[in-house]
Amino acid sequence: MKKLILPGCILFWAMATLAIAQSQGQLLTNFGPSPSTAAFHEINGLFTGDWQQYGQLFTELQSKIFSQIFLLVVTVVPLIFLLHYLVIGPMIFSHEGRQIYYFNLFARCIHWCAAISFALLVLTGLLIIFGSLVGGGVLLRSGRTVHLISAAIFSVSALFMLLIWAKDMIYAPYDFMWMLIMGGYLSKKKKPVPAGKFNAGQKSWFWLATLGGMVMAVSGYFLYSFQGSPDTLRLSAIIHNFLGAAMIAVFIVHLYMSLFAIKGAIRSMISGYKAEAELTILHSRFKF
Amino acid sequence: MGRMKFLCDIERCIDCSGCVVACKEGHHIPVGVNRRRVITINQGKPGEKSISVACMHCADAPCIAVCPVDAIYQRDDGIVLVSKETCIGCGYCFMACPFGAPQFPSGQVFGARGAMDKCTFCAGGPEETFSEKEKTLYGQNRIAEGKVPLCAAMCATKALLAGDADEVADVYRERVFKRGSGANAWGWDKAYQKK
């Protein structure tokens, strides 16, 4: 008889609590069916998350805007320069006379590593953006591989470029003047242009290529490896595309300047020497 | 022509993952790829509900809009399919999809993603119907055989419905009607919360 007292008490206590709880509607309400609208609301949150924030933005940008921006960049920028070439024409300097050693061998090697890998990055990048014209498949898949390898080479070259040129690329007060007169490219007169070893345009291109290149490398890493939340990937894609468009635009500027706008300017990147006649006008503040 | 749709009845889904297994096994889907998955809310708590989700075969699908090589297309019956031979594995469709439907097999050269793989509504792909190539790349083509998709056919509680949108809606409407007003007319509320 005594053995039953303790279990009996426990049972009574349990039943009593249950009864009280049930009468107050605390215990069993939670086990009733919850409205399915609430469940669907919760499920939607898990499905789509905050897709509206970046998912929708990315979808809208990628479906229309990005390809239009790139189309504008690769058509309008060259067209402007064609106009410039026809109306104002190139600058022609004598390549005779005193020669100044401008780029050492190491700098030239780094420059051409960066140049070739960057050109490949631009070409394969544009190939991916206008992929529907090519039709995808093996060609574009190899294009992506080339994009990856070139990106690795360019990232390393960009680091070296930072090492060898960052000091010369710091902006100086007279760069503001250079910007105001657009580097003297809008007039046919040969007046000395305020610029040190590098002019403001070259400096801007340098920082865009190196620092911007690093941002491209990081966002590109996310896009390639998919190591990140969907929102990280979406943001990476948005940054990669906008910055890519800007870099291609300035790349075209750089190509035009070195190949066409200043006749023979590219020679200094091959031999390392610039002629005095060119320096006194285009890099008037450079001490040699 | 009808409009194909999936519908998962969350009052019936019991999170058995039979649909996931049926899909994965029936189509010989590569490792790391899940065309279908089951999401459970309030797991182990009151109000636990599960839903099976795959590609929703959206009208105006965002994946089709963002694909840079136009590898994704929509059939007249609403089924969204991908051409794996055109796909370059850029992953934009994954970023655009609200449901996480596009999946990518890993293990390619340079760690690249392979071609995108997603629910085909068991309708194969752009290759010739019933060809060996279609089967290796996309799995079975049950729609061409006149069958419902594997997942819906396998569903033990018939929570997952697949087929023509009107038919699916009819089945579901009948169910809701039989359950009573709202999905919750009968149950604990009726028994214990009588005011």
Side-chain angles (χ1 to χ4, degrees), chain A residues 22 25 27-40 42-49 51-52 54-56 58-64 66-67 127-145 148-149 223-226 230-231 233-234 236-238, chain B residues 8-11 39-42 45-51 53 56 61-71 83-100 104 106 108-115 176 179 182-193:
Chain A
Q22 193 176 328
L27 190 65
L28 289 172
T29 31
N30 285 341
F31 288 94
S34 48
S36 38
T37 32
F40 276 124
E42 203 168 329
I43 287 168
N44 272 347
L46 286 176
F47 267 177
T48 58
W51 181 84
Q52 269 76 12
Y54 293 121
Q56 193 169 20
F58 168 74
T59 305
E60 274 161 14
L61 287 173
Q62 167 60 25
S63 54
K64 298 185 201 82
F66 284 154
S67 51
L127 207 59
I128 292 166
I129 284 149
F130 299 112
S132 52
L133 301 177
V134 194
V138 180
L139 176 70
L140 277 199
R141 254 171 269 158
S142 347
R144 283 190 72 215
T145 313
L148 176 78
I149 299 168
L223 289 179
Y224 195 83
S225 67
F226 255 40
D231 274 347
L233 301 179
R234 287 162 185 158
S236 300
I238 292 168
Chain B
C8 186
D9 186 346
I10 60 166
E11 303 297 328
I39 291 178
T40 304
I41 55 164
N42 301 323
K45 284 188 234 130
E48 176 175 323
K49 292 272 190 292
S50 297
I51 191 166
V53 58
M56 290 289 191
C63 55
I64 298 177
V66 298
C67 182
V69 294
D70 294 343
S83 163
K84 285 197 187 181
E85 304 234 291
T86 314
C87 174
I88 57 168
C90 68
Y92 280 1
C93 47
F94 174 81
M95 298 175 213
C97 180
F99 306 103
F104 295 91
S106 52
Q108 307 278 316
V109 188
F110 292 115
R113 289 182 292 279
V176 172
R179 281 180 203 142
N184 320 308
W186 291 96
W188 290 100
D189 280 342
K190 274 268 190 245
Y192 297 103
Q193 285 192 329

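A, B, ... follow the sequence lines: proteins, then strands. Residue 1 opens every chain.
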(request) Taking all non-hydrogen atoms of both residues into account, name the closest pair between A/Arg141 and B/Lys84 and its distance. (result) NH2-O, 3.6 Å
(request) Search all heavy atoms of B/Cys97 against all heavy atoms of A/Arg234 and return the closest pair with its distance. (result) O-NH2, 3.7 Å
(message) Could you check whether any side-chain heavy atom of B/Pro68 comes within less than 4.5 Å of a side-chain heavy atom of A/Gln62, counting everything from C-beta outward?
(response) yes
(request) Using a cut-off of under 4.5 Å on heavy-atom pairs, state which of A/Ser132, A/Gly131, A/Pro230 scores highest against chain B. (result) A/Ser132
(request) Please report the shortest heavy-atom distance between A/Trp51 and B/Ala96, naming the atom on each side. (result) NE1-O, 2.7 Å
(request) May I ask you to name which of B/Gly100, B/Ala71, B/Ser50, B/Cys90 has the most heavy-atom pairs under 4.5 Å with chain A? (result) B/Cys90
(message) Please rank A/Tyr54, A/Phe130, A/Phe58 by heavy-atom pairs under 4.5 Å with chain B and give me the top one.
(response) A/Phe58
(request) Could you tell me whether the side chain of B/Pro98 reaches within less than 4.5 Å of the side chain of A/Phe47, counting heavy atoms only? (result) no
(request) Of all the heavy-atom pairs spanning B/Arg113 and A/Ser225, show the shortest one and how long it is. (result) NH1-C, 4.2 Å
(request) Flag the one option from B/Val66, B/Ile39, B/Ile51 with the top tally of heavy-atom pairs under 4.5 Å to chain A. (result) B/Val66
(message) Nearest 0.5 Å, please: how far is CG in A/Leu233 from OH in B/Tyr92?
(response) 11.0 Å
(message) Restricting to side-chain contact (heavy atoms from CB on, under 4.5 Å), what partner residues turn up for B/Ala61, sequence neighbours left out?
(response) B/Cys58, B/Cys63, B/Ile64, B/Val80
(message) Return the CZ to CD1 distance between A/Arg144 and B/Ile88, rounded to the nearest 0.5 Å.
(response) 6.0 Å
(request) Heavy-atom pairs under 4.5 Å with chain B are the metric here; pick the option from A/Ile129, A/Leu223, A/Asp231 that has the most. (result) A/Leu223
(message) To the closest 0.5 Å, what do you measure between CZ (B/Phe99) and CG (A/Leu46)?
(response) 12.5 Å
(message) With a 4.5 angstrom heavy-atom cut-off, is it the side chain or the backbone of B/Lys45 that approaches chain A, or both, or neither?
(response) neither
(message) If we define contacts as heavy-atom pairs under 4.5 Å, which of A/Phe66, A/Tyr224, A/Phe226 has the most with chain B?
(response) A/Phe226
(request) Could you pull out the closest heavy-atom pair between A/Ala39 and B/Ile10, with the gap in Å? (result) CB-CD1, 3.7 Å
